[in-house]
Amino acid sequence: MTNITKTDKRRQRVLQAGAAVASAQPQVVVYWMTREMRVQDNWSLLTAIEVAQEQQLPLVVMYNLKSEYLGGGARQYRFKLEGLQSVEVALHKHHIPLMVTAGDDAEADMATLLKKWDVQTVVVDCNPLKIQRQWNVALMKALPNLSLIEVDAHNIVPVWETSDKQEWAARTIRPKIHKRLPDFLTDFPEVHSPKQQRLIADVHPQPHAPKWKTLEKAGPKPHAIDAEIAVASGESAAHKQLEVFIERLKEYGIDRNDPTIDGQSDLSPYLHYGMIAPQRVALSVIAVSGASVNRLFDARANAASREKQSKQMSLADSAAAFLEELIVRRELSDNYCFYQPHYDSFAGFPEWAQQTLNAHRTDQREYLYTLKEFEQGKTHDPAWNAAQLQMVRTGKMHGYMRMYWAKKILEWTKDPEQAQKWAIVLNDRYSLDGRDPNGYVGIAWSIGGVHDRPWFDREVFGTVRFMAQSGLKKKFDLEAYIAQWAPGITSGTLF
DNA sequence: ATCGGCTCGCGCAA
DNA sequence: TGCGCGAAGCCGAT
């Protein structure tokens with residue numbers, strides 16, 4: 001760790017240049033935290049600190065807490081609120097205040113404050129989702145003289161640096177990411193508050209501390225099921241989970257595709273909320289696996305073939321398999337949402353998939369379920385119900401089941417548009433890591449062939465890859481999985 | 001148990 | 001212009 005590392009300009013984009021106004025007397029620089037809910041290893045915060053230092057102003061961190069955000073409910077709100085509380089504590093050590101604006105007008109309220117403070121510079125997290133872009137546009141419209149700087153603190157290689165277009169598949173983005181990793185997979189500098197931070201006492205109006213009790217009450221009403229979610233939130237919980245995962249990293253290569261085993265990293269809620277930096281996770285995994293990045297990526301193909309044969313995998317093989325998912329596949333998701341405005345609809349599917357799905361529009365569906373039947377896990381298929389109920393009860397569905405789950409929604413719904421819509425609704429409502437590019441891309445892969453290739457033609461799916469329950473049975477003990485999550489398939493005790 | 005075919009198009013070699 | 005190959009599979013032949 002070095003203290004003098006300057007943040008890399010290539011991680012930044014100027015969304016609005018801003019214009020110095022003669023009468024303006026800016027009192028603070030603002031970091032608008034949205035996607036990166038952490039203090040350590042956060043390029044956005046580090047950039048904001050640098051800007052504050054340069055402008056000789058204290059820094060204020062702001063967060064807009066909406067009670068409704070992209071169809072999330074009480075479980076996500078609770079997770080977010082607890083994460084924010086730990087951000088406040090961590091920021092306090094650096095004398096940086098956190099200010100939360102809440103409610104439906106949270107962004108507008110923030111804009112009003114920015115005006116009062118004559119704020120000239122705001123640093124904001126890069127999030128490729130449409131809602132963040134709309135917020136950015138609204139802010140720039142409200143404050144045309146504001147300088148708005150976007151920082152990609154989520155991807156190791158910034159999304160606009162990796163590629164200037166929507167990538168076709170993992171194989172096309174992989175070499176581009178690998179090529180840039182030596183440049184961007186660097187260590188993080190430590191956080192030091194700006195020298196002017198002591199001046200925060202003179203700022204008018206004073207940024208006021210979040211009233212956590214009030215914010216808690218303002219959230220969505222928790223359902224009985226939400227109370228069962230037992231995932232600890234916050235930056236330190238995220239780091240603790242990373243330690244837990246690293247202990248079992250060697251087994252990851254073999255265990256991750258077995259939904260009856262706790263073999264996955266379980267980091268995705270933390271990655272989604274930015275409670276831990278993917279770059280930190282990558283650095284830690286590489287450090288313990290005792291190999292260089294290049295050596296690890298060379299091992300990727302090797303690991304894939306060993307996996308097929310269910311052979312022993314070394315620590316390096318497992319690390320390579322994990323880094324492929326953590327970096328290549330996750331950053332491919334951001335690439336898709338960044339360059340494809342229709343990332344959550346049929347229009348975003350590749351041409352061949354749209355054609356084949358259109359050709360099979362009128363195919364007879366063997367089963368048709370309502371959204372409620374899906375939601376309550378009341379289909380004829382206990383494997384599907386188990387996956388759904390695992391998600392409802394725990395806030396996460398095993399990664400291997402997610403594909404099967406989404407493909408069956410296509411199979412048992414009247415058309416692909418409705419299937420995609422419902423899959424997104426359910427994932428965003430029940431998964432702690434919902435409302436994320438990973439979720440939208442996973443669903444688009446399953447239903448619309450995004451990042452996939454065509455396979456043989458069949459009813460409903462056309463040439464979009466099909467998955468059958470028999471495939472699950474071959475890979476793991478399906479009965480054990482069903483017994484764990486959907487015992488007595490007809491009971492509807494949850495709802 | 002294992003293998004080829006299914007089926008499309010990107011990206012690179014030539 | 002040709003060709004290899006790919007986000008996690010299925011199916012039937014051997």
Side-chain angles (χ1 to χ4, degrees), chain A residues 162-179 252-259 261 263-265 268 297 300-311 313 317-318 320-337 339-340 343 348-360 383 387 397-408 410-411 423 437-476 478 481:
Chain A
T162 300
S163 173
D164 57 6
K165 63 172 206 273
Q166 182 190 326
E167 288 297 323
W168 187 255
R171 82 189 140 85
T172 62
I173 204 172
R174 188 177 296 117
K176 297 181 183 181
I177 291 175
H178 285 188
K179 196 175 73 192
Y252 175 81
I254 299 292
D255 288 354
R256 75 188 147 122
N257 281 335
D258 187 339
I261 298 177
Q264 298 198 300
S265 75
S268 71
F297 286 126
R300 192 188 64 88
N302 189 19
S305 81
R306 276 164 203 257
E307 190 186 343
K308 272 222 171 75
Q309 298 159 39
S310 294
K311 281 191 184 153
M313 283 176 82
D317 290 336
S318 278
F322 176 70
L323 290 173
E324 165 73 9
E325 300 205 11
L326 175 77
I327 305 175
V328 174
R329 245 171 47 194
R330 211 180 35 78
E331 303 202 353
L332 178 61
S333 295
D334 258 42
N335 168 276
Y336 183 71
C337 293
Y339 289 113
Q340 174 52 260
Y343 59 76
F349 298 168
E351 198 54 39
W352 67 265
Q354 291 195 30
Q355 273 174 22
T356 194
L357 288 170
N358 280 333
H360 287 269
M397 187 189 303
H398 192 279
Y400 194 78
M401 293 303 291
R402 290 188 186 203
M403 308 296 153
Y404 178 80
W405 173 87
K407 282 181 182 293
K408 292 299 153 184
L410 171 63
E411 195 176 339
N438 276 321
Y440 300 122
V441 168
I443 288 165
W445 178 87
S446 304
I447 293 171
V450 169
H451 301 151
D452 203 9
R453 62 173 149 154
W455 297 83
F456 71 99
D457 202 63
R458 69 151 60 217
E459 296 284 285
V460 183
F461 286 79
T463 56
V464 171
R465 186 196 297 255
F466 176 75
M467 284 177 86
Q469 205 204 69
S470 56
L472 306 179
K473 283 191 181 141
K474 269 185 239 167
K475 291 230 154 57
F476 62 92
L478 183 58
Y481 180 71

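Convention: sequence-line order gives letters A, B, ...; per-chain numbering from 1.
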Quantified in whole Å, what is the [atom1] atom distance between nucleotide [N] and nucleotide [M]?
N: B/dG11; M: C/dA8; atom1: C1'; value: 23 Å
N: C/dG9; M: B/dC10; atom1: P; value: 24 Å
N: C/dG4; M: B/dG4; atom1: P; value: 15 Å

Phosphate OP1/OP2 of [N]: any [X] side-chain N/O under 4.0 Å:
X: A/K475; N: C/dG9; result: yes
X: A/R465; N: C/dA8; result: yes
X: A/R256; N: C/dA8; result: no

Checklist line | Options B/dT7, B/dG9, C/dA7, nucleotide nearest the side-chain atoms of A/P454 | finding: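 The nucleotide sitting nearest to the side chain is B/dT7.
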Check: Which nucleotide sits closest to the side chain of A/A170: C/dG9, C/dA7, B/dC10?
Finding: C/dA7
Check: Between A/F461 and A/F466, what is the ring plane arrangement, given parallel below 30°, perpendicular above 60°, and tilted in between?
Finding: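 Perpendicular: the ring planes of A/F461 and A/F466 meet at over 60°.
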Whole-Å gap separating [atom2] ([N]) and [atom1] ([X]):
X: A/R453; N: C/dA7; atom1: CZ; atom2: P; result: 8 Å
X: A/F461; N: B/dC8; atom1: CZ; atom2: C1'; result: 19 Å
X: A/R329; N: C/dA8; atom1: CZ; atom2: C1'; result: 7 Å

Note to self: For A/K165 and A/F456, find the nucleotide of DNA chain B closest to each by heavy atoms; which residue's nucleotide sits nearer the 5' end?
What the structure shows: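 Nearest nucleotide further toward 5': that of A/F456.
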Check: Minimum heavy-atom separation for A/D258 to A/H398, with atom names?
Finding: O-NE2, 3.6 Å
Notebook entry, point to check: A/P259 versus A/F476: any side-chain heavy-atom pair under 4.5 Å?
Noted result: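 Side-chain contact under 4.5 Å: yes.
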Checklist line | Side chains of A/I447 and A/F349 in contact at under 4.5 Å (non-hydrogen atoms) | finding: yes
Checklist line | Check: A/E325/A/Y252 side-chain N/O donor and acceptor closer than 3.5 Å | finding: yes
Next item on the list: Just call it for A/V464: base, sugar-phosphate, or nothing, with non-hydrogen atoms closer than 4.0 Å on any strand.
Entry: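 Here A/V464 touches no strand at all.
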Margin query: Heavy atoms only, 4.0 Å cut-off, all strands: where does A/W445 land among base, sugar-phosphate and nothing?
Written below: base
